[in-house]
Trainee: 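One structure is given below, represented as C-alpha cells, and several questions about it will come after.
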2 protein chains.
Amino acid sequence: MSKSIDNTFSVEKPEESSGFLLWQVTNLWQRQIKKALEPYGLTHSQFVLLASIHWLSVHQQEVTQIVLSNHTKIDPMTTSTVLRTLQQKGFIQRQEHLTDTRAKTVGLTEEGKEIIKKAVITVEKFDTEFFSILGNKTTELNKNLITLLGQQ
Amino acid sequence: MSKSIDNTFSVEKPEESSGFLLWQVTNLWQRQIKKALEPYGLTHSQFVLLASIHWLSVHQQEVTQIVLSNHTKIDPMTTSTVLRTLQQKGFIQRQEHLTDTRAKTVGLTEEGKEIIKKAVITVEKFDTEFFSILGNKTTELNKNLITLLGQQ
DNA sequence: TGTACATAATAAGTACGCATATTATATTTG
DNA sequence: CAAATATAATATGCGTACTTATTATGTACA
C-alpha cells in the first residue's frame, strides 16, 4: 500500500518539517535585515554585539567578550573576530580588564553609541514589520521560540 | 517618567524580540543538527541539497541547479559551490542539460542515494526530538513559520 | 533576422559560525 | 604552596551565505 514510488521521507511534504521551515525563515529574515542595516555599514552580528554592549554597559559593570558571547550566544571565537572588526571601524574600544588580566573590557565609543541608537530603531522597526503578518500570533511564536531556547 | 537610565531599546528585554529569538533558536538548531549529521560527513546545506535532489528526482524530470536553488531557498551561488563539493565527495553527478546547454542536470549517485536515505531518517528523528518540547504547539509553530515564509 | 532582455552557472571577495588547538592567566584543591 | 583544572582570548581552517560581476546561452519581439 505504498502512497508513492519512494518512501525515504516520512512526510509527503518535507517542506513542512519544522527544522526546514525554521531554517528557511531565518535565512529570509537574515537576508532582509542585512539590507536594513546596510545604511549603517553594519552586519547583523556586528549589530547584535554593539546592541548587547550598549545594553550590558547600562546594566552591568564590566563587559567582557565572554559575557558578550554568553549573552548573544555568538561563540567566543566569532565574538572575538567581530569585535576586532568593530574596533577597526571605531565603534568600540577594548582595554585590559581591571582585575582579570586575561579578559578584555569592551565599551562603545561615542561614534558607536550614536550609530547603535539609530540602528536599534531601524531594526526594531524592521522586526515589527517582518512579524506583523502574524498579528497577535507573534506572542505565540515568541513563547514557542523561548521554549525551544530553554533546551539550552 | 523614564523606566530606565537609557531609552535606546523600546522593550525592557531585547532578548525577547522575535528576530533575535528566531536567530538564536536557529543557531542552536544548526549547532545540534551539525552534530547529528557528523557521522555521515555531511553539513546541513549538503544534506538539504541531497534530500532535495532526491525528492525532486522522484517528482520531476530535470533537476537543475536553479530548480534546486528555488526549492531550497539556498542562493544559486551557494548551491553551485555546495554541489561541487558533493560531486567531489561522489554523492552526485552533474551533466549537461538535454535541451538547455546553459543548465546542468543534477542527480544522485548510488552512494548518494544510500547516504541520503540514512541521513533523512537521522534528521527526521533529530527534528522530532528538538521540537518535541513544544508538544502539540509544533503545528502552531509550523503554521506561523509558513505564514512568515509566505512573505517571500 | 537581429537586438534587447532573461536565465544558468560561476569567479572573486566579504563575513559569519563553528571546531580544534594554543597561549596566558585564574582558581581550586590536596 | 604547588599541581591540576578552568577560563579568556585568539590563530587557523572549513563551509556556508551572500554580493557583484562575468560568461555563455536562451527567448521574445520589432
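The sequence lines fix the lettering, A, B, ..., with proteins before strands; numbering per chain opens at 1. These figures come from a predicted structure and were not determined experimentally. Side chains are part of it too, since the values below use all heavy atoms of this structure and drop only hydrogens, waters and symmetry mates.
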Trainee: Between B:Leu83 (CG) and C:dA11 (P), how many Å, whole number?
Mentor: 13 Å
Trainee: Between C1' on D:dA24 and NE2 on B:His97, what's the gap in Å once rounded to a whole number?
Mentor: 16 Å
Trainee: Just to confirm, is there a sub-4.0 Å distance from OP1 or OP2 of D:dT16 to any side-chain nitrogen or oxygen of B:Gln30?
Mentor: no
Trainee: Rounded off to whole Å, could you give me the CZ-to-P distance for the B:Arg31 and C:dC16 pair?
Mentor: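 Rounding to the nearest Å, CZ of B:Arg31 and P of C:dC16 are 16 Å apart.
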Trainee: Taking atom C1' of D:dT25 as reference, at what distance in whole Å does atom CD of B:Glu96 sit?
Mentor: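 Nearest whole value for this atom pair: 11 Å.
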Trainee: In terms of the nearest nucleotide of DNA chain D, which residue is placed more toward the 5' end: A:Trp23 or A:Ala103?
Mentor: A:Ala103
Trainee: How many whole angstroms separate atom NZ of A:Lys35 from atom P of D:dA17?
Mentor: 17 Å
Trainee: Where the side chain of B:Met77 is concerned, which of C:dA12, D:dT16, C:dG17 is the nearest nucleotide?
Mentor: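 For B:Met77, the side-chain atoms sit closest to C:dA12.
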Trainee: With nearest nucleotides of DNA chain D determined for A:Asp100 and A:Arg84 from heavy-atom distances, which residue corresponds to the more 5′ nucleotide?
Mentor: A:Asp100
Trainee: Checking A:Glu62 side chain against A:His97 main chain: does a donor-acceptor pair fall under 3.5 Å?
Mentor: no
Trainee: With respect to the side chain of B:Pro76, which nucleotide from C:dT10, D:dA17, D:dG26 is positioned closest?
Mentor: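 Output: C:dT10.
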Trainee: Rounded to the nearest angstrom, tell me the gap between atom NZ in A:Lys89 and atom P in C:dT14.
Mentor: 13 Å
Trainee: Does C:dT10 have OP1 or OP2 under 4.0 Å away from a side-chain N or O of B:Thr81?
Mentor: no
